[in-house]
Chemist: 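One structure coming up, written as structure tokens, with questions to follow.
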Amino acid sequence: MQRQPAITLIDSDGRRRLTIVDWLERAGHLVLDAAPGAPLEAPEQHAPHCFLVAEKALGILEPSTVASGPCDRQGRREALSRSTVVVLLEQLSPLPLLEGLRLGLADALGMPVSERELLEAVERALRLDGERRGPARARQIAQERLGSLSRRERQVLHGIVDGHSNRRIAEELGVSIKTIESHRSNLMRKSGCRALACLVRLAVLAGEGSGGAIPPVEATLSV
């Protein structure tokens, strides 16, 4: 189910945090709160999400603001590349701004910021996150729809994706053509597809396909 877009706010400045929450909620946004140092990992949801993080809480733009060690900084840098983050800079100075953009920040706002500027930045970040999530979500849906396949059904699917006939697949797997036809029927039922083209597109999207020879049972995914 599609959930509501959300913003996770990380800021140790209590007064500023209350103001920002008020702005965001009045604009109809769902605001999640997190403590400084919290992992920059987006919640498990399929709606757009972004982080709104104070510069000091982010702790990776300038060495002088960092209380954690190099390993922690590296971990947050890696997490930053996987998340959509808008940082609240104490002032919009070039060095932290350039460093943040190099690391993949969605946007940076210098303090103080107006309500309009903040809302526009957040909405841009949510649109960006939605664009990033689109292909990943589509792949996830395809994998979920094919997740109940047995090992043998997955082998048959690989053969179909590679364009092999029922006879070729049956010969390589050492079974009868009738058995392959039964597996194909199960593939259509489990995937929810009515046409073979739909099944092939779904398989490609999910990353299925052996790229040539049909893999042995041991090389396929079990359920």
Side-chain angles (χ1 to χ4, degrees), residues 1-6 8 30 32 34 38-51 71 74-85 103-106 125-223:
M1 179 181 295
Q2 181 79 3
R3 301 180 184 177
Q4 182 181 355
T8 296
L30 173 63
L32 309 176
L40 294 177
E41 298 294 342
E44 288 296 326
Q45 62 176 41
H46 307 314
H49 170 273
C50 74
F51 287 92
C71 292
Q74 181 61 29
R76 288 178 78 75
R77 286 173 186 268
E78 293 173 356
L80 185 61
S81 67
R82 301 189 298 269
S83 304
T84 303
V85 179
L103 293 172
L105 287 175
L126 290 175
R127 285 196 299 271
L128 174 62
D129 193 71
E131 292 169 0
R132 289 176 174 176
R133 284 174 179 266
R137 176 54 181 157
R139 182 181 178 89
Q140 181 183 353
I141 291 173
Q143 291 173 337
E144 289 172 354
R145 288 177 63 178
L146 298 177
S148 65
L149 301 185
S150 69
R151 290 181 294 178
R152 183 63 87 187
E153 287 166 349
R154 201 173 299 275
Q155 288 179 307
V156 174
L157 177 61
H158 289 176
I160 293 172
V161 172
D162 290 338
H164 299 325
S165 65
N166 284 356
R167 181 178 299 278
R168 168 78 180 278
I169 297 172
E171 289 174 352
E172 294 205 23
L173 296 181
V175 298
S176 68
I177 294 179
K178 187 173 182 178
T179 297
I180 297 301
E181 291 173 347
S182 176
H183 285 315
R184 287 183 66 142
S185 177
N186 289 338
L187 285 171
M188 302 299 285
R189 175 178 54 82
K190 290 184 176 181
S191 67
C193 291
R194 295 183 179 180
L196 185 62
C198 168
L199 178 64
V200 172
R201 285 196 299 269
L202 197 68
V204 171
L205 189 58
E208 295 285 356
S210 61
I214 300 174
V217 170
E218 294 76 11
T220 58
L221 297 175
S222 60
V223 295

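Predicted model, so just to flag it, every value in this text is computed and none were measured.
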Chemist: Which atoms form the tightest heavy-atom contact between P48 and G130, and what is the distance?
Modeler: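 Heavy-atom minimum between the residues: CG-CA, 3.9 Å.
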
Chemist: Show the nearest heavy-atom pair for residues A203 and V161, with the distance to one decimal.
Modeler: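 Looking at all heavy atoms of both residues, the closest pair is CB-CG2, 3.5 Å.
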
Chemist: Only counting residues at least two apart or in another chain, list the ones meeting side-chain hydrogen bond (donor to acceptor under 3.5 Å, both in side chains) with R189.
Modeler: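 Checked R189 against side-chain hydrogen bond (donor to acceptor under 3.5 Å, both in side chains); matches are N186.
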
Chemist: State which residues pass side chain to side chain contact (heavy atoms under 4.5 Å, CB included) with R127; sequence neighbours excluded, sorted by chain then number.
Modeler: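 Checked R127 against side chain to side chain contact (heavy atoms under 4.5 Å, CB included); matches are E123, R124.
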
Chemist: Calculate, to the nearest 0.5 Å, the distance between atoms CD1 and NE2 belonging to I169 and H158 respectively.
Modeler: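 Answer for the CD1-NE2 pair, I169 versus H158, is 11.0 Å.
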
Chemist: Could you tell me whether the side chain of C193 reaches within less than 4.5 Å of the side chain of R201, counting heavy atoms only?
Modeler: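 No, side chains not in contact.
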
Chemist: To the nearest 0.5 angstrom, please state how far the CG atom of L199 sits from the CG atom of L157.
Modeler: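 The CG atom of L157 is 5.5 Å from CG of L199, to the nearest 0.5 Å.
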
Chemist: For a quick test of reading the model, state the closest non-hydrogen atom pair linking S191 to L202 and the distance between them.
Modeler: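 Heavy atoms of S191 and L202 come nearest at CB-CD2, 3.9 Å.
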
Chemist: I'd like to check the side chain to side chain contact (heavy atoms under 4.5 Å, CB included) partners of E131; sequence neighbours left out, ordered by chain and number.
Modeler: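 E131 satisfies side chain to side chain contact (heavy atoms under 4.5 Å, CB included) with L128 only.
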
Chemist: What residues form a side-chain hydrogen bond (donor to acceptor under 3.5 Å, both in side chains) with T8, not counting sequence neighbours?
Modeler: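 With neighbours one apart ignored, the set is H49.
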
Chemist: List for me each residue that meets side chain to side chain contact (heavy atoms under 4.5 Å, CB included) alongside A206, sequence neighbours excluded, and say none if there are none.
Modeler: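 Once residues adjacent in sequence are excluded, the partners of A206 under the side chain to side chain contact (heavy atoms under 4.5 Å, CB included) criterion are A142, Q143, L146, E208.
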
Chemist: Could you tell me the separation between the OG atom of S150 and the CG atom of L187, rounded to the nearest 0.5 Å?
Modeler: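 So the gap between those two atoms works out to 8.0 Å.
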
Chemist: In a table with atom names and distances, give each donor-acceptor pair under 3.5 Å that connects a side chain of residues 177-184 to protein atoms at least two apart or in another chain.
Modeler:
from: T179; atom 1: OG1; to: S176; atom 2: OG; distance (Å): 2.9
from: R184; atom 1: NH1; to: N166; atom 2: OD1; distance (Å): 2.6

